[in-house]
Amino acid sequence: MIGLSVSGLAKGFGGRHILRDLSFSVDEAARIGLVGPNGAGKSTLLRILAGLDDVDAGEVTRKRGLRVAYLRQHIPASDDTPLAVVLAARPELAEVEAQLAACEVELALPAVIADLERMTHVLARQEALLRRFDELGGPGFAGEARSHLRALGLTDDDIALPLSALSGGQRKLAALAACVAQRPDVLLLDEPETHLDLPRREQLETLIRGFDGAVVIVSHDRYLLDETVSEIAELENGAITLWPGNYSAYALAREVALLRQQQLYASQQKEIERLEEAIARFKLWASLVPNERHIKQARNKQRQIDRMDKVERPVLERRKMALRLHSAERGGAKVAELRHVSQAFDGEPVLLDINLTIRRGERIGVIGPNGAGKSVLSKIITGELIPTEGERWLGPSITLGYFAQGHETLDPDATPLDIVRAVRTGYENQTVALLGRFLFKYEQVRQPVRSLSGGERSRLQLLLLMLGNANCLVLDEPTNHLDIDSAEALEAALEGYDGTVVVISHDRYFLDRIADRILEVRDGDAQSFEGGYSAWVDAKTPKPEPPPPSVAPARPAPPPPSRFPAQKRF
């Protein structure tokens, strides 16, 4: 049964149309992955489904009593604790509690105490409110809220801290717990995996699979989409195309469909060309020898063309950023080395006695839980942080390129045009064309960086890395906020890169494709594992103990020899 649907939907911003005549429905138990390039309108569509944005045209239909919970892409810092955020997710409970408090105040008034009829009326209202409070699950909701937060990995200490003191991933988990606490029928998730470490992403997968209702999820994590959804909704050019199966099935089916469309388009164009040649021939004959028959035949051929269901020319490959990574010089065999490195902040140790050697051409994937010190390790490698103890050595011919997770290397008040021209001098039109190859629109190149989206800032950082020609790249979560097409372009560029790569990432698909060594940072230590993410999972998964070797049954002992000689029988 359909619980939520939109029909003939249109939405635009500032004269730019985002959604055009879009129709889409969500069944009661659907698991839908909403994919598409940055700027296609995925977040806008989710906000419309959640009832937070108005539409320019069309209608949104919801089943009566349908409860919808929406997880925003960015969770701002505030003074509220995670527990307060979850408790605020049920405003109907707060309303009933406020009415109960008003009843208690009223019952204490002398005028009510002296008036038996009025007191009876207030007590009846209080009793009805208490029943309503019980029906809504109010008495145990505070414990339920804590359970939701703990189930998503937040500790009691985290629950007591304000959101401003928590990481982006922890704030996202608090908001997700608030969504679940609403007991929704439909869960709308906008990039829920952003900033989550690998264990939390696995918990997210478990939550989505076990959710008793419909889920629509916008995600750039292909592994997450493969594990959780059963249908892909592709949003492009304002319209939606539905594909059955998970992301891998969608990618294969889409490629096959595009190739089939290309064949149909080529065949139809040949047929149209043949008919147009026939029309031209009949018109020529009619001009030479006036003949109504030739004119009718030309008209008939033209009608055949007009009546055709025209096959659109397929776009076999979406426009992607033109990222090409290469190094200016080869560099030495040993790129960098950390020798007995330790790092502490305010007396609290983060890394303890780390020894690490990075060799030329390696692809090292750095993983570990949030707060384990992965970004600290990357900043020590780049020299941005001086270790509390130990030594950091960098090869004399090594040039480093650094991708900052929070884009802090970009001046928020500068424009992309200014930033790129500071790195590579050239005419303005040349720089604008270069930014255009990284999918920046003409008007965006003169806007301040602070007005750009997370994906656009990531593409700008990748452009600067390309221009730097470094022979060792240190990348801190480069796929955050990148759409899938841009992530695939980054993967292809790294595969063809002739230098060394150290990349911090929680994107399992990305790690499996890029990394040939995994460095796990946990509890102040850094352990190395050969192979990609899947090889690391195999190494960490406990192997079942082999069954004990089967013992052959003991052969019966021979009978003891008789003390008397056998007698001969006749």
Side-chain angles (χ1 to χ4, degrees), residues 46-47 49-52 65-104 126 128-197 199-217 228 369-371:
L46 282 194
R47 289 181 60 82
L49 292 174
L52 300 176
L66 188 76
R67 298 187 301 272
V68 179
Y70 168 63
L71 178 68
R72 292 180 293 172
Q73 185 179 139
H74 301 290
I75 309 300
S78 71
D79 294 331
D80 293 328
T81 65
L83 182 60
V85 169
V86 179
L87 293 176
R90 297 286 301 278
E92 68 275 16
L93 284 176
E95 183 181 350
V96 173
E97 284 183 314
Q99 292 176 3
L100 283 170
C103 285
E104 291 177 1
Q126 185 185 47
L129 288 170
L130 285 171
R131 284 198 302 270
R132 176 62 176 160
F133 192 64
D134 286 339
E135 290 171 359
L136 293 173
F141 183 59
E144 180 186 335
R146 290 182 181 276
S147 297
H148 288 312
L149 291 165
R150 288 169 182 152
L152 290 170
L154 292 176
T155 65
D156 289 340
D157 291 339
D158 298 331
I159 292 171
L161 292 173
L163 293 184
S164 57
L166 300 178
S167 67
Q170 290 170 319
R171 294 200 297 268
K172 182 76 69 125
L173 292 174
L176 182 58
C179 289
V180 176
Q182 296 175 42
R183 302 176 183 176
D185 303 302
V186 180
L187 199 53
L188 305 175
L189 307 177
D190 195 353
E191 297 190 24
E193 78 284 357
T194 306
H195 303 302
L196 297 188
D197 55 24
R200 301 295 178 266
R201 293 195 182 203
E202 291 172 357
Q203 288 176 330
L204 175 63
E205 291 170 11
T206 302
L207 184 148
I208 294 173
R209 286 195 295 262
F211 179 69
D212 187 18
V215 179
V216 181
I217 176 173
T228 57
N370 289 338

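One is the number of the first residue; the rest follow in order along the sequence. Worth saying up front: this structure is predicted, and the values here are computed from it rather than measured.
Atom CD1 of Ile208 is separated from atom OG1 of Thr228 by 4.5 Å, given to the nearest 0.5 angstrom. Once rounded to the nearest 0.5 Å, the distance linking CG of Leu187 with CG of Asp212 reads 12.0 Å. Atom CG in Leu189 sits 10.0 Å away from atom OH in Tyr70 (nearest 0.5 Å). Atoms CD and CG, from Gln170 and Leu196 in turn, are 10.0 Å apart once rounded to the nearest 0.5 Å. Distance CG/Leu154 to CG/Leu173: 5.0 Å, rounded to 0.5 Å. Atom CZ in Arg67 sits 4.5 Å away from atom CG in Asp185 (nearest 0.5 Å).
Gln126 places a side-chain heavy atom less than 4.5 Å from the side chain of Leu100. Inter-residue side-chain proximity for Val216 and Leu188 is flagged as met; some heavy-atom pair is nearer than 4.5 Å. Put simply, the side chain of Leu176 reaches to within 4.5 Å of the side chain of Leu204, judged on heavy atoms. Between Gln182 and Val68 there is no side-chain heavy-atom pair separated by less than 4.5 Å. The side-chain heavy atoms of Asp158 and Pro82, taken from C-beta on, include no pair separated by under 4.5 Å.
Heavy-atom minimum distance, Leu152 versus Gln203: O-OE1, 3.1 Å. The shortest heavy-atom contact between Asp80 and Ala84 is CB-CB, 4.5 Å. Here the closest non-hydrogen pair linking Ala142 and Leu87 is CA-CD2, 4.0 Å. The minimum heavy-atom distance linking Pro162 with Asp79 is given by the pair CB-O, 3.6 Å. Of all non-hydrogen atoms in Lys172 and Ile75, the two that sit nearest each other are CA-CG1, 4.0 Å. Between Ala174 and Leu149, the shortest heavy-atom contact is CA-CD2, 4.0 Å.
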List the steps and the verdict of salt bridge (charged side-chain N to carboxylate O under 4.0 Å, His left out) for Glu144 and Arg183. CA-CA 11 Å; Glu144 180 186 335; Arg183 302 176 183 176; 2.8 Å; yes

Run the side chain to side chain contact (heavy atoms under 4.5 Å, CB included) check on Glu191 and Leu71 step by step: do they pass? CA-CA 8 Å; Glu191 297 190 24; Leu71 178 68; over 6 Å; no

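For Arg47, the CZ atom counts as densely surrounded, since its 6.0 Å shell holds more than 12 non-hydrogen atoms of other residues, nucleotides or ligands.
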